[in-house]
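Structure first, commentary second.
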Number of protein chains: 2
Amino acid sequence: MPKSKKKSETKAPVATPCSKCPLRKLEAFRKFTDEELDFVSNFKSGELVLGAGTTIFSEGTNSPHLYTVLTGWAFKYKTLEDGRRQVLNFAMPGDFIGLQASIFDVITHSVEALTDVVLCVFPREKLWTLYKKHTGLAFDVTWLGAHEESILGEYLMTVGQRRAGERIAFVLLHLYRRAQQLGLARGNSFSLPMTQEHLADTIGFSLVHTNKTLKQLRKMGAFKWTGTALEIVDEGKLEALVGPVVEPRMPRPFI
Amino acid sequence: MPKSKKKSETKAPVATPCSKCPLRKLEAFRKFTDEELDFVSNFKSGELVLGAGTTIFSEGTNSPHLYTVLTGWAFKYKTLEDGRRQVLNFAMPGDFIGLQASIFDVITHSVEALTDVVLCVFPREKLWTLYKKHTGLAFDVTWLGAHEESILGEYLMTVGQRRAGERIAFVLLHLYRRAQQLGLARGNSFSLPMTQEHLADTIGFSLVHTNKTLKQLRKMGAFKWTGTALEIVDEGKLEALVGPVVEPRMPRPFI
DNA sequence: CGTTACCTTGAATCTCCTCAATACACGTGG
DNA sequence: CCACGTGTATTGAGGAGATTCAAGGTAACG
């Protein structure tokens, strides 16, 4: 197996084979056929291990690789010239990173590792073969892209229309649900590896105002956020702030 | 035999054949192979003509059809229970409508015709054949989905981080560029068939504040917006307000 | 000619922002 | 071991920016 990757890749002598991928067991993902599993195992060219804070993609650049998150969290964001930053979404295990770069020849947002992460690496040039020979997987790629779009739509609605408390409730609830699906929650707690500044840049408020709104929500007993752990104390209260959300009816694919 | 087609799908007596689609001539779109053109002509099952104000899709529902816009404008939006509305994007000729419904079995936003529109109708069940037999077109579908995602990202950044004048400048400039690509602009003017309320719901401000900000921009000579026509008087001023924007490097596909 | 939809403007109020200062945890070097 | 810097969280105060309420104007239309 040739090894010709750069950046701060550590040698992973024992890359997880796709057949034994821990994500595969989760209910949230669809089952692969043997053929698909075979192809994907072959598609995967290695693993990339990066430390928290590392920039994975930079807006306006390109990359010969496509990634999925195996473990850890990352976040996608855009910045304006004067430094204002908008967080678009958080990437958790099973999520694609850099699909745009493969399709547009340029990526329109940056991506940074929020925790230490392990990424599965897929060479961009084989994406065509995937489309050519594995229609089901091609559909999956489209599914994932469309899903990203629908999440961005939810965030856009949130930032454009909801008030401070509702925005925070939406984001925390959304991340909680995702953590649950991935088996990352213990009871009603999960590890939330972000700062209040990340949250502020997600919901479009200043850090100070985010902090004060968090205080209000804490006081009304909605959640506890101590250190890196978030405990959802009163899920109903958060749901009431957010309102109903439409979710896809088809199972999540996974490459 | 009356030619009046309303709300319901009609067997259009003279549907535009894809080979003679006026959009095909535009530089902004990639060229099809004869084979692809053949398939798409066959994929298209008819045309749907709808009046301005008609709801094309309703959030949370489903549809056996997939549409592209042939002529006219539509807009995608989401609403909260109390009526607050967020416009996500505007659909212009060449844009998909309802791809999500085909992929998720449910659509996560509503779509309404902004002007009278003509839509090309594609039966959802043939999408699989497209993926199976026309890899290039399958890639195109993914391209369009990913492009929607990147536009939503720009809007999210706009609503989350830019101030009032910048938000308006961004949206107007974005629509102007799109109109230019589609050959809908005459000089630096184009038909902008929306109200200030649509704009307000796009940028996340109240109607009143949107109106007052528009006045400022008009006063500084950036544009004129009279009736349904928008004239970009000083493009540089708008660009300065918005800053640089990353665009895809691959040509836009078209189904 | 009255209704309706849209645009415009002023005034009062509230949300959110910026500035500024403090507090705490952590890691580093002296 | 402590002193110090750094990153993060917290809180208060004053002001800019956005909202709501209210009223009036204009153009289109049946």
Side-chain angles (χ1 to χ4, degrees), chain A residues 51-54 75 80 82-87 112-115 158-169 171-172 191-219 223-231 241, chain B residues 51-54 73 75 80 82-87 112-116 158-169 171-172 191-219 223-231 241:
Chain A
T54 309
F75 67 101
L80 294 175
D82 63 4
R84 282 174 283 175
R85 177 179 71 170
Q86 177 66 40
V87 172
E112 184 181 319
L114 197 54
T115 64
T158 296
V159 170
Q161 302 299 328
R162 295 197 233 248
R163 26 189 73 265
E166 298 167 343
R167 295 192 200 183
I168 290 180
V171 172
L172 296 186
S191 165
L192 186 65
M194 66 173 72
T195 66
Q196 292 186 3
E197 193 168 9
H198 289 113
L199 181 57
D201 288 347
T202 304
I203 62 177
F205 281 129
S206 71
L207 172 58
V208 173
H209 195 246
T210 301
N211 179 283
K212 287 172 181 172
T213 307
L214 276 170
K215 187 184 176 182
Q216 284 183 353
L217 292 176
R218 239 186 284 118
K219 246 181 193 164
F223 57 78
K224 291 175 188 167
W225 188 2
T226 52
T228 74
L230 180 71
E231 179 189 349
L241 279 171
Chain B
T54 309
W73 290 43
F75 67 101
L80 294 175
D82 64 2
R84 281 174 284 175
R85 177 179 71 171
Q86 177 66 41
V87 172
E112 184 181 319
L114 197 54
T115 64
D116 293 349
T158 295
V159 170
Q161 302 299 326
R162 295 197 232 247
R163 37 190 83 257
E166 297 168 345
R167 296 191 200 183
I168 291 180
V171 172
L172 296 186
S191 165
L192 186 65
M194 67 172 73
T195 66
Q196 292 186 4
E197 194 167 9
H198 288 114
L199 181 56
D201 289 346
T202 305
I203 63 178
F205 282 129
S206 71
L207 172 60
V208 172
H209 195 244
T210 301
N211 179 283
K212 288 172 180 171
T213 307
L214 275 169
K215 186 183 177 182
Q216 284 185 354
L217 292 176
R218 239 186 284 121
K219 244 180 194 163
F223 57 79
K224 291 175 189 166
W225 187 3
T226 51
T228 75
L230 181 71
E231 180 188 349
L241 279 171

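These values consider heavy atoms only, across backbone and side chains, with no hydrogens, waters or symmetry-generated copies. Bear in mind that the values here come from a model prediction, so they are computed numbers and not experimental data.
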Checklist entry - Would you find a donor on one side and an acceptor on the other, under 3.5 Å apart, between the side chain of B/Ser191 and the backbone of B/Ala229? => result no

Next on the checklist: Can a donor-acceptor pair be found, under 3.5 Å and without considering hydrogens, that links the side chain of A/Glu112 to the backbone of A/Phe75?
Outcome noted: no

Item to check | Contacts of B/Phe205 that satisfy ring-ring contact (aromatic ring centres under 6.0 Å, His included) - sequence neighbours left out | outcome: B/His209

Once you round to the nearest 0.5 Å, how far does [atom1] of [X] lie from [atom2] of [Y]?
| X | Y | atom1 | atom2 | answer |
| --- | --- | --- | --- | --- |
| A/Glu166 | A/Thr213 | CD | OG1 | 11.0 Å |
| A/Asp201 | A/Leu207 | CG | CG | 8.5 Å |
| B/Leu199 | B/Ile168 | CG | CD1 | 5.0 Å |
| B/Arg167 | B/Gln161 | CZ | CD | 9.0 Å |
| B/Gln86 | A/Thr158 | CD | OG1 | 9.5 Å |
| A/Glu197 | A/Thr202 | CD | OG1 | 10.5 Å |

Compare every heavy atom of [Y] with every heavy atom of [X], then report the nearest pair and how far apart it is.
| X | Y | result |
| --- | --- | --- |
| B/Leu114 | B/Pro193 | CG-O, 3.2 Å |
| A/Gly51 | A/Ala113 | O-CB, 3.6 Å |
| A/Thr210 | A/Ala200 | OG1-CB, 3.3 Å |
| A/Phe223 | A/Leu230 | CD1-CD1, 3.8 Å |

Item to check | Presence of A/Arg218 side-chain N/O under 4.0 Å of D/dT10 phosphate oxygens OP1/OP2 | outcome: yes

Next on the checklist: Just N and O in the side chain of A/Asn211: are any of them under 4.0 Å from OP1 or OP2 of D/dA9?
Outcome noted: no

Checklist outcome for this item: B/S/- along nucleotides 15-21 of chain C (protein heavy atoms under 4.0 Å) is -BSBB--

Checklist entry - Per the end-axis method with five pairs at each terminus, what is the bend angle of the helix from C/dT8-D/dA23 to C/dG30-D/dC1, to 10°? => result 30°

Checklist outcome for this item: When rounded to whole Å, the CD to C1' distance for the pair A/Gln216 and C/dC14 reads 13 Å

N/O contacts under 3.5 Å, protein versus nucleotides 28-30 of chain D?
none

Checklist entry - Quick one: are B/Leu217 and B/Leu241 in side-chain contact, heavy atoms under 4.5 Å? => result yes

Listing time: all N or O pairs from protein to nucleotides 23-28 of chain C that are below 3.5 Å?
none

Checklist outcome for this item: Sorted by number, residues from residues 192-201 of chain B placing a heavy atom under 4.0 Å from DNA chain D are none

